[in-house]
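Encoded as structure tokens, the structure appears first; notes follow it.
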Amino acid sequence: MIDFELIGQILIHTPWWVYLLFAFLMLRGIKASKTRITKLDRLFLLPVIFLFFSIHTLLSSVALTPFVIFLWVGGVMIGALIGWVYLYKQKISVDQKNRLLKLPGTWSILIIILGIFSTKYYFQYKLISNPAVATEPIFQYSLLMISGIFVGFTVGRLLCGLYKFKTGPFEILIKNNQ
């Protein structure tokens, strides 16, 4: 049974900036559903945001040990491989002179964004509602691996985008100011 009162309390106590971040990420995901021409610099946006939050999780939610760092780095590497392969299979055109890329539309970016956001939100809720859960190894390891995989996915997409920027295929692209 759904406890709507609990859900209401969770939403009321969510910081305001989380709603702004959610709206921003939703817009990015919806924009990604359409074929678009984007500046190379824009590829850095999501990886930087998710890397920041993942490192924050790493530093604030668990005790740093070599094993914990290994798990997180392992998750990042797995995610980066998945992100690389995902973008590598897509047809991307490059305009090196104007630093533009033509990316095909896909709803999967919105799904990934929602997955990252909801997972992060869930883990934060669990930590706030029951701080003792932070000491449970399965919780810590799940949090780190999932956080690492998600951030790795965005980093892998970025690295593959940079690779494709260097290798083409090349064409002249014109960016619409949308």
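Sequential numbering from 1 along the given sequence is applied to the chain's residues.
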- Query: Would one find more than 12 heavy atoms of other residues, nucleotides or ligands at under 6.0 Å from atom OH of Y122?
  - Reply: no

- Query: Just how far is it from atom CG of N130 to atom OH of Y125, taken to the nearest 0.5 Å?
  - Reply: 9.5 Å

- How are the rings of F22 and F117 set relative to one another: parallel (under 30°), tilted (30 to 60°) or perpendicular (over 60°)? tilted

- Minimum heavy-atom separation for I37 to I174, with atom names? CD1-O, 3.2 Å

- When rounded to the nearest 0.5 Å, the distance separating CG of N98 from NZ of K39 is 9.5 Å

- So which heavy atom on R36 is nearest to which on K31, and how close? CD-O, 3.5 Å

- Note on the structure: Note: L173 and V94 closest approach over all heavy atoms is CD1-C, 4.2 Å

- Task: Check whether any side-chain N or O of S33 sits under 3.5 Å from a backbone N or O of T106 as a donor-acceptor pair, and report yes or no.
- Result: no

- Can you find a pair of side-chain heavy atoms, one from L143 and one from K126, that are under 4.5 Å apart? no

- Message: Could you see if L20 belongs to whatever hydrophobic cluster contains F52? Use Ile, Leu, Val, Met, Phe, Trp, Tyr and a side-chain cutoff under 4.5 Å.
- Response: yes

- Query: So F44 and L51, side-chain contact (heavy atoms from CB on, under 4.5 Å) or not? Walk me through it.
  - Reply: CA-CA 10 Å; F44 287 87; L51 186 60; over 6 Å; no

- All heavy atoms of S93 vs all of K91, minimum pair found to be OG-NZ, 4.1 Å

- Task: Work out which heavy atom in I49 is nearest to a heavy atom in F24; give both atom names and the distance.
- Result: CD1-CE2, 3.6 Å

- Say you draw a straight line from CG of L101 to CD of Q96; how long is it, rounded to the nearest 0.5 Å? 9.5 Å

- Message: Return the CD1 to CG distance between I109 and L25, rounded to the nearest 0.5 Å.
- Response: 12.0 Å

- Query: Hey, any chance I111 and V85 share a hydrophobic cluster, counting ILVMFWY side chains that come within less than 4.5 Å of each other, even indirectly?
  - Reply: no

- Should we count CG of L59 as having more than 12 external heavy atoms under 6.0 Å? yes

- K102 vs T35 side-chain heavy atoms within contact, under 4.5 Å: yes

Enumerate, atom names and distances included, each donor-acceptor pair closer than 3.5 Å involving a side-chain atom of residues 147-165, sequence neighbours excluded.
residue, atom, partner, partner atom, Å
S147, OG, S54, OG, 2.6
T154, OG1, V151, O, 2.8
K164, NZ, Y88, O, 2.9
K164, NZ, Q90, O, 2.7

- Distance col, row L103:CG vs L43:CG, nearest 0.5 angstrom, shows 6.0 Å

- Give a yes or no on whether E5 atom CD has more than 12 heavy-atom contacts from other residues, nucleotides or ligands under 6.0 Å away. no

- Query: Linking I/L/V/M/F/W/Y whenever any side-chain heavy atoms sit under 4.5 Å apart, do Y19 and W17 land together?
  - Reply: yes

- Query: Are L45 and L27 joined in one hydrophobic group, where the rule is that I, L, V, M, F, W and Y side chains link up if heavy atoms are under 4.5 Å apart?
  - Reply: no

- same_hphob_cluster(V18, M26) at 4.5 Å side-chain heavy-atom cutoff: yes

- Item | Among F67, F70, F123, ring-ring contact (aromatic ring centres under 6.0 Å, His included) partner for Y141 | F67

- Message: Within this structure, what is the CH2-CG distance for the pair W72 and L64, rounded to the nearest 0.5 Å?
- Response: 10.5 Å

- Message: Within the structure provided, determine whether L21 and F53 are in side-chain contact (heavy-atom separation under 4.5 Å).
- Response: yes

- Message: More than 12 heavy atoms of other residues, nucleotides or ligands under 6.0 Å from CE of M145: yes or no?
- Response: yes

